[in-house]
Amino acid sequence: SGPLDKEQMQGLRGVREFLKVRTSYDVLPLSFRLVVLDNNLLIKKSLNILIQNGIVSAPLWDSQNSAFAGLLTSTDFINVIQYYCQFPDEIAHIDQFRLSSLRDIERAIGVLPLETVSVHPMRPLYEACRRMLKTRARRIPLVDRDDETGREMVVSVITQYRILKFIAVNNEQYTMLLKKPVRELGLGTYKDLATATMGSSVLDVIHLMVKYNISAVPIIDKDNRVLNLFEAVDVIPCIKGGAYDELSATVGEALSRRAEEFGGIYTCNEDDRLDAIFDTIRKSRVHRLIVVDDDNRLKGIISLSDILKYVLLYGEEDDDIRGN
Ligand code: ADP
């Protein structure tokens, strides 16, 4: 191994140490707002609330039992869509579903309920990251217990995006040591990519996301050039107001409905180095990077989980890589 390997390991170790001495609480901004939804709310209404607040997920609260009841995410809406596809005659019912029926929907369509992992805000951030990688959760609720009442309290939710941003902003001295190019690290996925075209239907793309268990599908033209990206969160405006029949619309039509504040898509090249990717994360709202060649042709995709996995686990014991 050369000096580049040595530097790279030094950078990785620095970041890992940082994650061990910081807590999930440290990631939270000084002041923030948390939208918590009552489990008894109609699913239809929850969609409007998410859209109005410009958010894509929220913790659920069971007010009967005064307990945290899981996290509402775009996966839940995709499940409702699958339910609609399997039981189209139920459409009148779907309109009346409450958030508390999401578990029944999972059962009806035969998907395994997602494990609701949570972490205590004062535990090391490293632990939250490991949990995320192990369970494939993209976001984890921070749950504390009220000393007086003994009740659970949802403090906030941290995402892979927030954590990587926190790393990028606070560890420039370490991330600048990560000089190996993406190609050499094998960072991301390059084979068997799920893609769609502007003319594909939204439903086709949703089925792809379910089949591959992924949260975004690159939209390409006939020459494999990247035009856009359809993300799981793009599903939310599509079914606003219970317009399930509009899922047969094309990707092109759906993407034109994106909110104004949409941050755009980020691309990189296989020769880009990890330090440059961290610079992008530091400066922008990146949720994944599409790897393209000089002609903008699709080569691969790097998810935030790919980056987090590399940063935490590369070069660790085999045991660790399996997430034990
Ligand atoms: P995250 O877990 O960060 O939200 P994804 O669910 O999109 O990311 O990605 C999970 C895994 O699938 C990653 O290893 C990623 O490289 C890969 N992946 C992401 N998008 C695609 C795609 N369109 N086709 C094939 N593989 C993908």
Side-chain angles (χ1 to χ4, degrees), residues 55-57 71-79 111-112 114-115 117 128-140 157-168 182-198 200 202-221 224-236 251 254-255 263 265-270 272 274 277-278 280-281 284-292 296-314 321-323:
I55 53 178
V56 294
S57 147
L71 213 54
L72 175 70
T73 71
S74 47
T75 303
D76 294 306
F77 298 117
I78 289 178
N79 287 343
V111 301
L112 286 175
L114 284 180
E115 194 188 341
V117 282
C129 294
R130 293 295 295 262
R131 280 267 173 93
M132 280 179 152
L133 293 178
K134 195 170 172 181
T135 59
R136 296 206 58 194
R138 292 164 184 126
R139 46 185 81 235
I140 285 196
V157 178
I158 52 168
T159 60
Q160 295 184 347
Y161 165 73
R162 276 275 150 233
I163 294 173
L164 283 168
K165 183 80 132 192
F166 186 66
I167 294 175
V182 163
R183 186 198 303 273
E184 207 184 316
L185 300 176
L187 195 66
T189 302
Y190 297 84
K191 287 198 186 84
D192 194 23
L193 292 171
T195 63
T197 63
M198 282 293 184
S200 308
V202 171
L203 261 187
D204 288 341
V205 180
I206 290 173
H207 289 316
L208 271 182
M209 291 196 279
V210 173
K211 183 175 161 211
Y212 282 74
N213 192 10
I214 49 174
S215 59
V217 174
I219 308 302
I220 54 172
D221 70 7
N224 203 29
R225 287 202 175 83
V226 177
L227 301 175
N228 214 319
L229 183 76
F230 191 91
E231 300 174 285
V233 295
D234 289 316
V235 166
I236 295 174
V251 164
L255 291 180
I265 64 172
Y266 291 87
T267 59
C268 73
N269 195 285
E270 274 184 286
D272 284 347
L274 192 51
I277 292 183
F278 269 105
T280 310
I281 295 174
S284 348
R285 216 180 158 75
V286 194
H287 288 285
R288 61 190 54 73
L289 293 130
I290 305 183
V291 187
V292 293
N296 204 33
R297 287 199 174 86
L298 179 68
K299 302 292 283 185
I301 188 152
I302 301 176
S303 72
L304 297 187
S305 56
D306 293 330
I307 300 174
L308 202 59
K309 197 176 288 166
Y310 174 78
V311 168
L312 257 81
L313 303 181
Y314 177 79
I321 291 175
R322 275 185 235 112

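Each ligand, and each atom within it, is numbered from 1 in the order the structure gives. As the structure is a prediction and not an experimental result, all values here were calculated from the model.
Put simply, the side chain of Phe230 does not reach to within 4.5 Å of the side chain of Leu208, judged on heavy atoms. Here the side chains of Val235 and Ser74 are not in contact, with every heavy-atom distance at 4.5 Å or above.
Closer than 4.0 angstrom to ligand 1 sit non-hydrogen atoms from Arg136, Arg138, Gln160, Thr189, Asp192, Leu193, Ala194, Asn213, Ile214, Ser215, Ala216, Pro218, Ile301, Ser303, Leu304, Ser305, Asp306.
The side chain to side chain contact (heavy atoms under 4.5 Å, CB included) test applied to Leu133 returns Leu308, Lys309, Leu312, Leu313, not counting sequence neighbours. For Val56, the side chain to side chain contact (heavy atoms under 4.5 Å, CB included) partners two or more places apart in sequence, or in a different chain, are Arg139, Val233, Ile236. Asp76 meets the salt bridge (Lys or Arg N to Asp or Glu O under 4.0 Å) test with Arg103; sequence neighbours excluded.
With 3.5 Å as the limit, one finds no donor-acceptor pair spanning the side chains of Arg138 and Thr73.
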